[in-house]
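The block underneath contains the structure these notes are about, expressed in structure tokens.
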Amino acid sequence: MKYGQIKVDSQHMIKIPSTAFGALRRELIDTLGIKRSKGFLLRYGWNCGVTDCRKMMELDWENKRDLIWAGPKMHTENGHVVVEPHILEVDFEHGSLHFEGDWLNSQEAIEHIKLFGQGEDSVCHTLVGYASGYLSELIEKQVIVRETSCIAKGDERCHWVCRTVEEWNGDPEAENELRFYEADHINAELEETYEKLRLERDSLSKTYDVHQKLFKEIIFETGVQPIVDVLYETMKTPVIMESRNFEVRAVAGISMQEATVYASELKEWIANKHRKKSHQKHEILETMLLELSPGHKRVITPIYFRKKIHGYCSIFTQENEVTEVDKMVLGQAALACSLHLLNEQTRFNTEQTIRGSFLDDILKKRITLSEIVRKAHYMDFDLYPPYSMVALQRRIEETSMKEEIEFTDQFMNDLFKYFRSKDIKVLLGKKEGRVILLFSDSTFLRRNIDKESFCKQLLSYCTERFPQFTFSMGVSSSIPSIEAAPQLYNESVASLMVANPHHNPVYFDSLGVVGMLLQTNNLEALEQYAYKIVGPLMDEDRNKGMELLITLYYYLENGSNVHKTARAMNFSVNGLRYRLGKINELLQVDLNHAHNRNEIYVALQCLTALGELKLPAW
């Protein structure tokens, strides 16, 4: 017999120092991880237990019960642990077992504590595996040993319980232990890991390729269509980009007609979500999979700009889940769109600042005619007389400064795009809370429309684009010299002051003497003039909602025709005649005379401009 070897029959037993076993344990945990190492040590112990049991069964024993006691003795003699059994209940005929006791001086636990310190789990895996294998071989049924306490968890001693799988009766902890005894197919897992790494490599390669192509499109500022084309070429599936209002902005892989149908289905889906959530606003806030109809399944992601959703980018799919590649590629596309919007906004702000400054210089007469001609050339603004100006303002009850700034920026941005899409060259600016536009009347001649039609189209666009607001528009006259632009501004503002729900837009040429009065900016004089003409009605009406003044205004607006006025006001003819009689009585004037009607109408328009008379929208 050599040192370190004990020969039992023909089998050689090899003893190793506990510290070497601890080092092996450390290598296993560092290489395979805690869970996989546990499985390895359990199965190692199991094989040792099975081998020892078979050797013991070759010897002569008085009964099988003594064979059970031989297991703990072998474990103790091998130096692994001191075993103290407490309970042994066994029925070999029926294959039942309850074996319970303590392990003292567990070298496995001691070495683990030295290397890793105390933790939350039991660590005597080879001891557990040994006992499980030994008893399973002997009982001829699978036995699971559980270590219910362990010094590596800070317990006083290591305690173990042995039962057959059936006797554990579905105990979740025992079920969990059972799976550690299944052989680890490391090769299969390595192949699976390799396949995952290969797919990950391909995904990264694809997303990097997309990133490079999108970066190039952003650098050259080619727009959103090339971004969609890059996605289509990469993903080999239809791509669609929609605005926040579900208007198709760009598409690849399908026709625009098909894309419009799909956009409508998305809009309807959002509307249904909106209704189900009791009118709570619903938006798609992150990348998700949507199945909107048979044949319409898409992965969609929001496009953010300035912390708000500006639109959506989608790829069509047949899969039932969102892949990481889909997320990464769509994320790259959404980022590219956001950068495109930022570039566009920056370019617009720069151009608009220059144009707004140019317009302000003209209105304040800070530059000469020669400088106007030179700058207009660089800004591609038509210097062909005559010139006109439009003043726009939205009617609001109350708003914060932040909301006002955000709206004005958005409004001017949309107007800029609107004029550019129609090839209309204007100078766009802000002044005293109003948006103003200076343009050459030649703009209309080129498009074969008159100024009135253009203004109505513009007002209609504003109303449709921002349906939550009501807009007023004042339009100046036409003058031959751009140096007289300050006059155009005063005329457009004067017209804007008179605008109301029934008279919008208002053209300065139609105001006559009222327009000239409004340009004086002497509001106190205007109020005095109005009071001189219709003062008795104002005094009578102050606590009655101005009903007599409103009636008189609509009576004059409708050509002093009683029946026409009654229809316009949705009022009875008799009731209207009663009011007219009262008006005659208070004013002491004959409304049949044209001079009186004109004078009163001018006074009423002055009150409207001053905000004293607010006309209802019937």
Side-chain angles (χ1 to χ4, degrees), residues 224-225 227-228 231-232 235 237-323 326-327 329-331 333-338 340-341 344 394-397 399 403 406-407 409-411 413-415 417-418 421 457 459-471 617:
V224 294
Q225 184 60 52
I227 294 174
V228 169
L231 257 64
Y232 177 62
M235 307 302 289
T237 186
V239 183
I240 183 173
M241 191 174 292
E242 296 140 308
S243 70
R244 187 180 179 184
N245 297 320
F246 312 104
E247 300 166 345
V248 179
R249 295 300 188 199
V251 63
I254 53 176
S255 67
M256 179 60 75
Q257 185 176 2
E258 290 176 294
T260 302
V261 173
Y262 291 139
S264 298
E265 290 179 356
L266 176 60
K267 184 177 182 179
E268 181 62 26
W269 183 83
I270 291 287
N272 288 336
K273 288 285 185 181
H274 177 80
R275 286 191 287 269
K276 288 178 182 178
K277 291 196 173 185
S278 303
H279 303 290
Q280 187 178 6
K281 191 173 183 180
H282 183 84
E283 288 182 321
I284 298 169
L285 302 176
E286 58 185 12
T287 303
M288 63 188 300
L289 180 69
L290 295 179
E291 187 168 4
L292 303 177
S293 67
H296 183 188
K297 188 187 291 186
R298 62 161 80 181
V299 182
I300 185 170
T301 196
I303 299 169
Y304 284 94
F305 182 63
R306 290 185 173 178
K307 299 180 181 180
K308 294 181 179 179
I309 293 177
H310 192 273
Y312 301 97
C313 184
S314 305
I315 57 173
F316 288 76
T317 183
Q318 298 298 323
E319 303 298 326
N320 294 319
E321 60 181 15
V322 182
T323 67
D326 293 339
K327 287 183 180 179
V329 171
L330 278 175
L335 177 60
C337 289
S338 297
H340 168 74
L341 291 171
E344 193 176 61
R394 63 169 177 157
R395 298 177 188 168
I396 50 175
E397 296 297 326
T399 186
E403 290 173 333
E406 287 181 353
F407 167 78
D409 287 345
Q410 182 64 49
F411 184 44
N413 194 358
D414 289 351
L415 286 178
K417 292 178 180 177
Y418 173 78
S421 68
Q457 289 176 13
L459 187 60
S460 177
Y461 166 78
C462 296
T463 304
E464 291 173 4
R465 179 67 184 84
F466 299 94
Q468 69 272 35
F469 300 118
T470 301
F471 291 89

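Only this structure's heavy atoms are used, side chains among them; waters, hydrogens and symmetry mates stay out. Heads up: numbering here begins at 1 and tracks the sequence.
With sequence neighbours excluded, the residues that form a salt bridge (charged side-chain N to carboxylate O under 4.0 Å, His left out) with Glu268 are Arg275. By the salt bridge (charged side-chain N to carboxylate O under 4.0 Å, His left out) test, Lys308 is found to be paired with Glu406, residues two or more places apart in sequence or in another chain being considered.
Checking side-chain atoms of Tyr304 against main-chain N and O of Leu285 turns up a donor-acceptor pair under 3.5 Å. Without hydrogens or angle criteria, Thr287 side chain to Thr301 main chain gives no donor-acceptor distance under 3.5 Å. Between the side chain of Lys297 and the main chain of Glu319, a donor-acceptor pair closer than 3.5 Å is present. Between the side chain of Gln225 and the main chain of Val251, a donor-acceptor pair closer than 3.5 Å is present.
Closest approach of Gly253 and Pro238 over heavy atoms only: O-CG, 4.1 Å. In plain terms, the two heavy atoms of Val224 and Arg249 that are nearest each other are CG2-O, 4.4 Å. The shortest heavy-atom contact between Pro302 and Ala334 is O-CB, 3.7 Å.
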Which pairs of donor and acceptor atoms, one on a side chain in residues 254-263, lie under 3.5 Å apart (sequence neighbours left out)?
residue	atom	partner	partner atom	Å
Ser255	OG	Glu258	N	3.1
Ser255	OG	Glu258	OE1	3.2
Glu258	OE1	Ser255	N	3.1
Thr260	OG1	Met256	O	2.8

| field | Audit row: Phe471, Phe411, ring-ring contact (aromatic ring centres under 6.0 Å, His included) steps and yes/no | value | CA-CA 12 Å; Phe471 291 89; Phe411 184 44; 5.2 Å; yes

| said: For Ser314 and Glu242: C-alpha separation, side-chain torsions, deciding distance, then whether side-chain contact (heavy atoms from CB on, under 4.5 Å) applies. | reply: CA-CA 8 Å; Ser314 305; Glu242 296 140 308; 4.1 Å; yes

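Atom CE of Met241 sits about 7.0 Å away from atom CG of Leu231, to the nearest 0.5 Å. Taken to the nearest 0.5 Å, the CZ atom of Arg244 stands 11.0 Å off from the CD1 atom of Ile270. Here the OG1 atom belonging to Thr323 is positioned 6.0 Å from the CE atom belonging to Met235, to the nearest 0.5 angstrom. His310 contributes atom NE2, which lies 8.5 Å from atom CD1 of Ile303 (distance to the nearest 0.5 angstrom). Put simply, CD on Glu265 and CG on Leu292 are 6.5 Å apart, with the number rounded to the nearest 0.5 Å.
At a threshold of 4.5 Å between non-hydrogen side-chain atoms, the residues Ile300 and Leu266 count as touching. Side-chain contact between Leu415 and Cys462 is present, with heavy atoms from C-beta onward closer than 4.5 Å. Taking 4.5 Å as the limit, every side-chain heavy atom of Arg394 sits out of range of all side-chain heavy atoms of Gln468. Between Asp326 and Ile315, some side-chain heavy-atom pair lies under the 4.5 Å cut-off.
Residue Phe316 qualifies as enclosed at atom CZ: its count of foreign heavy atoms under 6.0 Å is above 12.
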